[in-house]
Amino acid sequence: MTIVQARAPWSAVIRKGQTLTIEDLEGNQAVDCLIYNAHDTAERYSAPDTIAAQGNIFLTTGSVLRSSEGNPLMTVVADEVGRHDTVGGACSRESNTLRYGQHTKHQHACVENFLIEGSRWGLGKRDLVSNINWYMNVPVDPDGSLGIVDGISAPGLTVTLRAEMDVLVLVSNCPQINNPCNGFDPTPVRMLVAEG
Amino acid sequence: MSTATTTGAREHARAQGGTVVECMPTVPAGDGLTWDETVPGGGYASKRLARGTTLRLTDLYGDACVSVLLFNADEPWERLNVADTVKVLWQAYVGEGHLLLSDQGRALATVTAGDRERSDTFCGTTTLKSNSLRYGDGSPHSATPAGRELFTLAAAKHGLTRRDLPPSISFFQGVRVGADGGFTWLGSAGPGAVVELRAEMPVTVLLVNVPHPLDPREEYTCSPVRITARPARPGEPRDARTPEGERALLNTADYLASRGLA
């Protein structure tokens with residue numbers, strides 16, 4: 001069991017059959033997540049393949065997280081929240097300048113977490129793709145308007161993933177302070193890896 | 001004509017020159033164009049485009065589905081970020097006026113024409129696995145090639161690999177998202193639909209023309225798309241319709257100035 005501090009990255013290899021449980025300790029915290037085939041990181045999480053295969057943009061119990069080659073990486077086997085986002089991507093210093101203004105350029109951001117944590121596994125910028133945002137709430141209105149709105153999570157709620165192959169999981173415990181993805185207040189989360 | 005000798009084989013080969021078919025490039029493009037090519041269903045194409053180039057795609061028969069990836073032509077680790085493209089601009093359905101954003105907070109291109117109802121930022125393109133399950137094969141030499149396999153080939157022509165293929169955005173076929181997150185298939189707007197993209201920096205564009213992942217038709221159905229490109233005036237930050245778009249174009253201008261490109 002590991003506590004991931006507010007704003008911090010985390011990573012681990014999860015073996016086939018093991019489960020990863022993410023606990024939103026204080027509630028309304030976005031947990032950005034990327035997943036790779038641990039033996040061939042050119043195969044990685046694909047938001048579009050996951051969305052197209054399940055015919056729905058939201059992730060919840062039963063969602064199969066698919067790779068860029070269409071293979072199952074992990075499956076959501078339990079979810080106490082109801083739905084999670086995989087459309088909104090990760091905050092970056094660069095996108096923050098568009099969303100909020102140039103004054104946010106030197107704030108810490110999820111892409112910074114992915115880059116520094118990924119670098120420990122030989123991954124670089126080319127390896128970052130659209131990701132999962134556990135606990136983040138991104139509705140799409142009938143006219144196509146979409147955006148990050150107040151979360152629907154609460155303290156202590158969990159989501160549990162089962163590895164369908166050996167996977168490398170990268171996490172950014174989102175440091176964003178300019179939108180409601182984490183209530184403007186980044187807080188810690190807990191990771192638990194267990195045998196299946 | 002006998003091809004038993006080198007002379008005969010050469011004559012046979014050369015006699016094929018000048019053949020005209022529907023799906024082929026016109027080289028050089030001519031008539032003020034910098035690119036003129038018709039790509040068949042199940043085909044792909046790519047090109048490096050100068051800043052300001054306006055790329056026009058025409059769905060000739062109403063069954064095209066063109067998935068697009070864009071890269072900074074000089075620094076390809078900067079590339080299309082579909083998530084930022086919808087999130088930063090607060091809009092999932094992409095049409096005229098929408099900027100296509102890179103992962104570096106800049107505009108790679110502007111959509112200058114196109115039906116917002118007939119684009120898709122959610123479903124990407126097909127894989128070898130999905131097409132093999134769906135149509136029996138998805139390899140590029142098959143009759144039912146998958147989009148990601150064709151993107152891999154197009155990327156290779158520019159020194160790029162599978163690692164360089166992020167989610168793509170597709171045009172001419174639409175999906176609508178319901179309140180529950182589920183999709184309604186809108187299909188095509190019909191023959192003659194046009195999409196135009198204007199490069200806001202030098203870009204490498206990769207295009208694949210394959211059936212949409214949610215196309216419900218049993219048969220692999222995809223018809224040719226005509227590509228034409230011509231030089232044009234790049235966008236100005238003051239033309240932007242949103243503060244986010246204006247900042248994207250300002251960031252692009254800042255980058256181009258530092259590179260000596262504008």
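Below, each value reflects all heavy atoms present in this structure, side chains not excepted, and no hydrogens, waters or symmetry copies. Letters A, B, ... are given to chains in the order of the sequence lines, protein chains preceding strands, and every chain is numbered from 1.
Taking chain B as the reference chain and counting heavy-atom pairs below 4.5 Å, the highest number among A:S130, A:P139, A:C91 is found for A:S130. Interface remark: of the candidates B:G124, B:S102, B:P167, B:P167 forms the most heavy-atom pairs closer than 4.5 Å to chain A. For the set A:G88, A:A42, A:A53, the count of heavy-atom pairs under 4.5 angstrom toward chain B peaks at A:G88. Listed options B:L133, B:T121, B:D180, B:N81 were ranked by heavy-atom pairs under 4.5 angstrom with chain A; first place goes to B:D180. Interface remark: of the candidates A:D141, A:I57, A:L98, A:L98 forms the most heavy-atom pairs closer than 4.5 Å to chain B. Ranked by heavy-atom pairs shorter than 4.5 Å toward chain A, the options B:A83, B:G181, B:G105 are led by B:G181. Most heavy-atom pairs under 4.5 Å with chain A: of the set B:R163, B:H212, B:E246, this distinction falls to B:R163. Per-residue counts of heavy-atom pairs under 4.5 Å with chain B were compared for A:G101, A:S92, A:G124; the largest is that of A:G101. When the candidates B:R176, B:R116, B:E244, B:R79 are compared by the number of heavy-atom contacts under 4.5 Å with chain A, B:R79 comes out ahead. Contacts with chain B were tallied for A:A47, A:A52, A:S46, A:G89; A:A52 has the most, counting heavy-atom pairs under 4.5 Å. Highest contact tally toward chain A, considering only B:L128, B:V94, B:N251, B:V82, is held by B:N251 [criterion: heavy-atom pairs under 4.5 Å].
Qualifying side-chain contact (heavy atoms from CB on, under 4.5 Å) partners for A:L115, counting only residues two or more places apart in sequence or in other chains: A:V111, A:K125, A:L128.
Residues of residues 72-85 of chain A that come closer than 4.5 Å to chain B, counting heavy atoms only, are A:P72, A:R83, ordered by residue number. Below 4.5 Å, heavy atoms of chain B meet heavy atoms from A:D143, A:G144, A:S145, A:L146, A:G147, A:I148, all part of residues 143-153 of chain A. Contacts with chain B (heavy atom to heavy atom, under 4.5 Å) involve no residue of residues 14-37 of chain A.
Here the options are B:E78, B:R106, B:Q104, the test is side-chain contact (heavy atoms from CB on, under 4.5 Å), and the partner is A:E94; only B:Q104 passes.
Neither the backbone nor the side chain of B:L250 comes within contact range of chain A; no heavy atom of the residue lies under 4.5 Å from a heavy atom of that chain. For B:E117, no part lies under 4.5 angstrom from a heavy atom of chain A. Contact annotation for A:R93: neither backbone nor side-chain heavy atoms come within less than 4.5 Å of a heavy atom of chain B. The contact between B:A248 and chain A is made by backbone and side chain atoms together, counting heavy-atom distances below 4.5 Å. Residue contact with chain A, scored on non-hydrogen atoms closer than 4.5 Å, is absent for B:S168.
Rounding to the nearest 0.5 Å places CG of B:D103 at 9.5 Å from OG of A:S95. Note that CZ of A:R126 and CG of B:L160 are 7.0 Å apart. Values are rounded to the nearest 0.5 Å. The CG atom of A:D49 lies 8.0 Å from the CZ atom of B:R148; values are rounded to the nearest 0.5 Å. To the nearest 0.5 Å, atoms CZ (B:R162) and OG1 (A:T41) are separated by 13.5 Å. From B:E149, atom CD reaches atom CD of A:E69 across 6.5 Å, with rounding to the nearest 0.5 Å. Taking CG of A:N56 as the reference point, atom CZ of B:F122 lies at 10.5 Å (rounded to 0.5 Å).
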Next item on the list: Begin from the C-alpha positions of A:V138 and B:K87 and carry the test side-chain contact (heavy atoms from CB on, under 4.5 Å) through to its verdict.
Entry: CA-CA 9 Å; A:V138 183; B:K87 174 178 66 179; over 6 Å; no

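Side chains of B:K129 and A:N71 form a contact here, defined as non-hydrogen atoms less than 4.5 Å apart.
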